[in-house]
Amino acid sequence: MNTNFITELNSSIFKKQIMGVTGLMLCGFLFTHMLGNLLIFKGHDAFNSYSHALISNPLIGILEVILTLIFLGHLGLAIKVTRENKIARPIEYHSRKLSGRGATFASSTMIYTGIITFIFLIFHILGLKYGTVYTTEVHGVEMRDLYRTTVEYFQSPLHVAGYLIAVISLGIHVKHGFWSAFQSLGLNHQKYMPKIKILSCAYGFLIIVAYSSFPLFCFFLGGY
């Protein structure tokens with residue numbers, strides 16, 4: 001195999017580009033998943049019908065595997081790049097000092113907010129996807145009553161608090177990660193980057209507000 005090709009694969013720039021691509025894919029998933037979650041405000045039937053359409057899709061297993069691989073690949077590369085940056089910290093710190101660039105809270109905590117998200121996902125999936133199973137009927141079709149499972153799950157203040165902490169962490173993560181992905185992919189034009197950063201801040205705020213409304217609605221709803 002070509003030595004230059006192997007060197008390119010191992011380069012920090014290439015890893016960051018792959019992180020950028022996978023990160024944008026995950027941002028897309030977050031947005032569509034958010035829209036699905038918000039159907040809970042329309043009531044039992046709308047939310048359960050949406051959930052049933054996903055669960056009964058014959059491709060759902062393949063899509064879940066692909067999504068898992070994208071997420072693990074993104075996280076794995078992030079850990080690897082972070083470790084490599086720590087080894088080269090003296091050089092990195094010196095170059096930042098000379099250039100006048102400093103790390104923001106969001107950028108310096110990316111690895112931690114990413115890990116918090118990963119841990120949260122495990123508990124989230126166990127608590128909801130593999131949580132208590134109820135059944136209901138919508139327009140003559142029997143399906144899982146995930147609406148009831150979800151509302152019951154978020155009757156616990158501990159579950160709500162954990163979800164809100166994870167969502168705030170996720171919002172901080174995507175606030176920096178969204179625009180950083182474009183930068184890693186070489187789309188760092190001085191005319192458009194400020195607008196992309198504004199969009200990134202707006203997206204991070206949207207993630208926090210929209211996803212936070214989900215458990216709070218269930219908690220204060222108190223019934224089904």
Side-chain angles (χ1 to χ4, degrees), residues 5-37 54 57 59-89 92 103-130 162-188 193 196-197 199-212 214:
F5 178 70
I6 297 176
T7 302
E8 177 65 23
L9 289 178
N10 288 324
S11 70
S12 176
I13 294 176
F14 181 76
K15 292 170 189 171
K16 289 180 179 179
Q17 288 174 338
I18 297 300
M19 283 173 58
V21 172
T22 54
L24 290 175
M25 288 179 178
L26 292 172
C27 282
F29 167 75
L30 279 175
F31 186 76
T32 56
H33 188 57
M34 176 193 75
L35 295 179
N37 281 353
L54 288 180
N57 189 325
L59 298 177
I60 190 64
I62 297 174
L63 294 175
E64 286 179 341
V65 170
I66 294 173
L67 183 61
T68 300
L69 291 175
I70 291 173
F71 183 83
L72 292 178
H74 184 79
L75 180 62
L77 282 173
I79 293 173
K80 186 174 179 62
V81 169
T82 300
R83 290 182 62 185
E84 291 174 350
N85 286 343
K86 284 187 176 181
I87 294 173
R89 178 171 290 177
E92 180 187 5
T104 63
F105 175 77
S107 66
S108 60
T109 58
M110 286 295 283
I111 188 64
Y112 305 111
T113 52
I115 291 174
I116 289 173
T117 301
F118 175 68
I119 295 172
F120 157 74
L121 277 176
I122 295 174
F123 286 99
H124 183 62
I125 291 171
L126 291 175
L128 293 178
K129 182 175 181 178
Y130 297 105
Y163 194 96
L164 293 179
I165 290 171
V167 164
I168 292 171
S169 176
L170 178 62
I172 293 171
H173 190 88
V174 300
K175 172 186 173 294
H176 174 79
F178 188 81
W179 72 260
S180 182
F182 286 95
Q183 185 179 58
S184 297
L185 294 171
L187 304 175
N188 193 22
M193 185 52 69
I196 293 175
K197 286 186 176 182
L199 179 62
S200 186
C201 288
Y203 183 66
F205 182 74
L206 174 65
I207 290 297
I208 293 175
V209 173
Y211 274 94
S212 294
F214 184 64

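The shown structure was predicted, so the numbers you read here are calculated from the model rather than taken from an experiment.
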Fill in: Within residues 19-33 or reaching into it, pairs that qualify as side chain to side chain donor-acceptor pair (under 3.5 Å) - sequence neighbours excluded
Thr22-His74
Worksheet item: Can you pull the side chain to side chain donor-acceptor pair (under 3.5 Å) pairs that have at least one residue in residues 111-124, sequence neighbours excluded?
Response: Thr113-His173
Practice prompt. Mind telling me whether Phe178 and Tyr203 have parallel, tilted or perpendicular rings, with 30° and 60° as the class edges?
Written response: tilted
Worksheet item: Okay, side chain of Ser200, backbone of Ile196: is any donor-acceptor separation there less than 3.5 Å?
Response: no
Measure the spacing between [atom1] of [X] and [atom2] of [Y] and express it to the nearest 0.5 Å.
X: Lys15; Y: Ile18; atom1: NZ; atom2: CD1; value: 11.5 Å
X: Leu63; Y: Phe29; atom1: CG; atom2: CZ; value: 10.5 Å
X: Tyr163; Y: Ile168; atom1: OH; atom2: CD1; value: 12.0 Å
X: Ile116; Y: Leu121; atom1: CD1; atom2: CG; value: 12.0 Å
X: Phe182; Y: Met193; atom1: CZ; atom2: CE; value: 8.0 Å
X: Leu164; Y: Phe120; atom1: CG; atom2: CZ; value: 9.5 Å

Practice prompt. Given side chain to side chain contact (heavy atoms under 4.5 Å, CB included), test Leu67 with Leu26 step by step and report yes or no.
Written response: CA-CA 8 Å; Leu67 183 61; Leu26 292 172; 3.9 Å; yes
Worksheet item: Would a 4.5 Å heavy-atom cut-off, applied to side chains only, mark Leu30 and Met34 as touching?
Response: no
Worksheet, complete the sentence: Between Gln17 and Leu185, the two heavy atoms sitting closest are O-CD2, 3.7 Å
Practice prompt. Would you please name every residue forming a side-chain hydrogen bond (donor to acceptor under 3.5 Å, both in side chains) with Gln183, sequence neighbours left out?
Written response: none
Kindly write out the residues that satisfy side-chain contact (heavy atoms from CB on, under 4.5 Å) with [X], not counting sequence neighbours, or none if the list is empty.
X: Phe118; answer: Phe71, Leu72, Leu75, Ile122
X: Leu35; answer: Phe31
X: Ala78; answer: Met19, Ile111
X: Ile119; answer: Ile115, Phe123

Worksheet item: Can you name the ring pair (Phe, Tyr, Trp, His ring centres under 6.0 Å) partners of Tyr211, sequence neighbours left out?
Response: none
